[in-house]
There are 2 protein chains.
Amino acid sequence: MKILFHPDRADIHLSSVLYALSDPIRLYLVDTIYKSGERTCGDIEVPVVKSTVSHHARTLREAGIVHVRMQGTQRFLSIRTEDLEARFPGLLDAILKAHQTSGETIPFTTD
Amino acid sequence: MKILFHPDRADIHLSSVLYALSDPIRLYLVDTIYKSGERTCGDIEVPVVKSTVSHHARTLREAGIVHVRMQGTQRFLSIRTEDLEARFPGLLDAILKAHQTSGETIPFTTD
DNA sequence: TCAATTGTTCGATTATGATAGAACATTCAA
DNA sequence: TTGAATGTTCTATCATAATCGAACAATTGA
């Protein structure tokens, strides 16, 4: 069982967080996972192939936004809300609220 | 006198804003301008040449983050705080506060 | 008019990243 | 043990963008 790298709370950088969330697909993933608490990669319908989803999941994990828990062949993603709130108070809330009210969506998904 | 394009409030997109602010130099520019109300491009010391600053200023303008006022040969930049607050309440505050407490800085500047 | 100031634009280079597809790894159930 | 399910990794492609330097444009003052 391979150990996945997760940055320490103190090593979460604002630029990386903003960059990671500036991609519409990643932002959609984060919003969805945030609402449901925990989700697997393949569980969320997005208009890209699984290798691309895997790449996005890695970007989010290395930015310190999501935690990945392995169970069997599945990876359960959850948002590192406590770490993010401690490091950048109010940031995630503001971004997700902005996303929800913006009406921005991703192409070619029925959602 | 050339007219500069500024997106309407409704055309400011979250992804573009987050992307624009994910660059450390642009974030530093925004933070500096925010504090002083209005600044010219060349007025802010950053470790890149002026053509690059110009490029960053354009990115911020086209994302809807800054307004550019022309006066003589100078361009005065200001943050579109009202538009941003109306479109994404609390977002800019959270990002700038995060930036200020993060201690993240840009390379090779005395500042 | 001439030169200095301020900034933009253009061309080139270089790096990064989003994407897809194929091959591979791991786990679990039949 | 075999096969299905779930993801990762590798390779390749394509687009975007950060950067610099040089040329250009506009304004202002001498």
Side-chain angles (χ1 to χ4, degrees), chain A residues 1-6 13 15-30 32-33 38-63 65-78 104 106-109, chain B residues 1-6 13 15-30 32-33 38-63 65-78 104 106-109:
Chain A
M1 170 121 86
K2 192 161 48 167
I3 299 296
L4 295 175
F5 168 75
H6 291 85
H13 297 297
S15 298
S16 314
V17 169
L18 295 181
Y19 180 79
L21 297 180
S22 73
D23 181 276
I25 290 186
R26 283 194 294 260
L27 186 52
Y28 175 77
L29 291 174
V30 168
T32 304
I33 297 165
E38 212 182 33
R39 294 287 281 269
T40 67
C41 293
D43 198 15
I44 308 175
E45 223 181 288
V46 284
V48 288
V49 301
K50 61 178 182 172
S51 64
T52 303
V53 175
S54 183
H55 165 257
H56 284 313
R58 179 183 183 149
T59 301
L60 290 170
R61 174 172 54 80
E62 291 181 346
I65 297 172
V66 304
H67 179 263
V68 182
R69 177 174 68 87
M70 294 187 285
Q71 180 179 301
T73 65
Q74 301 189 99
R75 268 91 170 132
F76 286 87
L77 308 190
S78 56
E104 286 179 42
I106 40 179
F108 308 117
T109 7
Chain B
M1 169 121 83
K2 193 166 39 167
I3 300 295
L4 294 176
F5 168 75
H6 290 87
H13 297 297
S15 297
S16 313
V17 169
L18 295 181
Y19 179 79
L21 296 180
S22 74
D23 181 277
I25 290 186
R26 285 194 293 260
L27 186 52
Y28 176 76
L29 290 174
V30 169
T32 304
I33 297 165
E38 214 183 33
R39 293 287 282 268
T40 65
C41 293
D43 199 15
I44 308 176
E45 224 181 287
V46 284
V48 287
V49 301
K50 61 178 182 172
S51 63
T52 303
V53 175
S54 183
H55 164 258
H56 284 312
R58 179 183 185 151
T59 301
L60 290 171
R61 173 174 54 80
E62 291 180 346
I65 297 172
V66 304
H67 179 263
V68 181
R69 177 174 69 85
M70 293 187 285
Q71 180 179 300
T73 63
Q74 301 188 102
R75 268 92 170 133
F76 287 87
L77 308 191
S78 56
E104 285 180 42
I106 38 179
F108 307 118
T109 8

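By convention in this document, chain letters (A, B, ...) are assigned in the order of the sequence lines, proteins followed by strands, and residues within each chain are numbered from 1.
Between A:Leu60 atom CG and C:dG17 atom P there is a gap of 13 Å when expressed in whole angstrom units. Atom CE in B:Met70 sits roughly 10 Å away from atom P in C:dT8 (whole-Å rounding). Atom CD1 in A:Ile3 sits about 15 Å away from atom P in D:dT8, given to the nearest Å. What separates CD of A:Glu62 from P of D:dT8 is a distance of 12 Å, to the nearest Å.
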Protein N or O to nucleotides 5-7 of chain C N or O, pairs below 3.5 Å:
unit_1	atom_1	unit_2	atom_2	d
C:dT6	O4'	B:Thr73	OG1	3.1
C:dG7	OP2	B:Gly42	N	3.1
C:dG7	N7	B:Lys50	NZ	2.7
C:dG7	O6	B:Lys50	NZ	3.0

Enumerate all atom pairs, one protein N or O and one N or O from nucleotides 17-20 of chain D, separated by less than 3.5 Å.
unit_1	atom_1	unit_2	atom_2	d
D:dA18	OP1	B:Tyr19	OH	2.6
D:dA18	OP1	B:Arg26	NH2	3.3
D:dA18	OP2	B:Arg26	NH1	2.9
D:dT19	OP2	B:His56	NE2	2.4
D:dC20	OP2	B:Val49	N	3.0
D:dC20	OP2	B:Thr52	OG1	3.2

- Please lay out, stage by stage, how A:Tyr19 and A:Ser16 fare under the test side chain to side chain contact (heavy atoms under 4.5 Å, CB included). CA-CA 5 Å; A:Tyr19 180 79; A:Ser16 314; 5.7 Å; no

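Between the CZ atom in B:Phe5 and the CZ atom in B:Arg61 there is a gap of 8.0 Å [rounded to 0.5 Å]. A:Asp43 CG to A:Leu29 CG: the interatomic distance, rounded to the nearest 0.5 Å, is 11.0 Å.
Every residue meeting the side chain to side chain donor-acceptor pair (under 3.5 Å) condition with B:Glu38, not counting sequence neighbours, appears here in chain and number order: B:Arg69.
Looking at A:Ile33 and A:Ile44, their side chains come closer than 4.5 Å, going by heavy atoms from C-beta outward.
Here the shortest heavy-atom pairing between B:Ile25 and B:Asp23 reads N-OD1, 2.9 Å.
No donor-acceptor pair under 3.5 Å is formed between the side chain of B:Arg75 and the backbone N or O of B:Val68. The backbone N or O of B:Tyr28 lies less than 3.5 Å from a partner atom in the side chain of B:Thr32, making a donor-acceptor pair.
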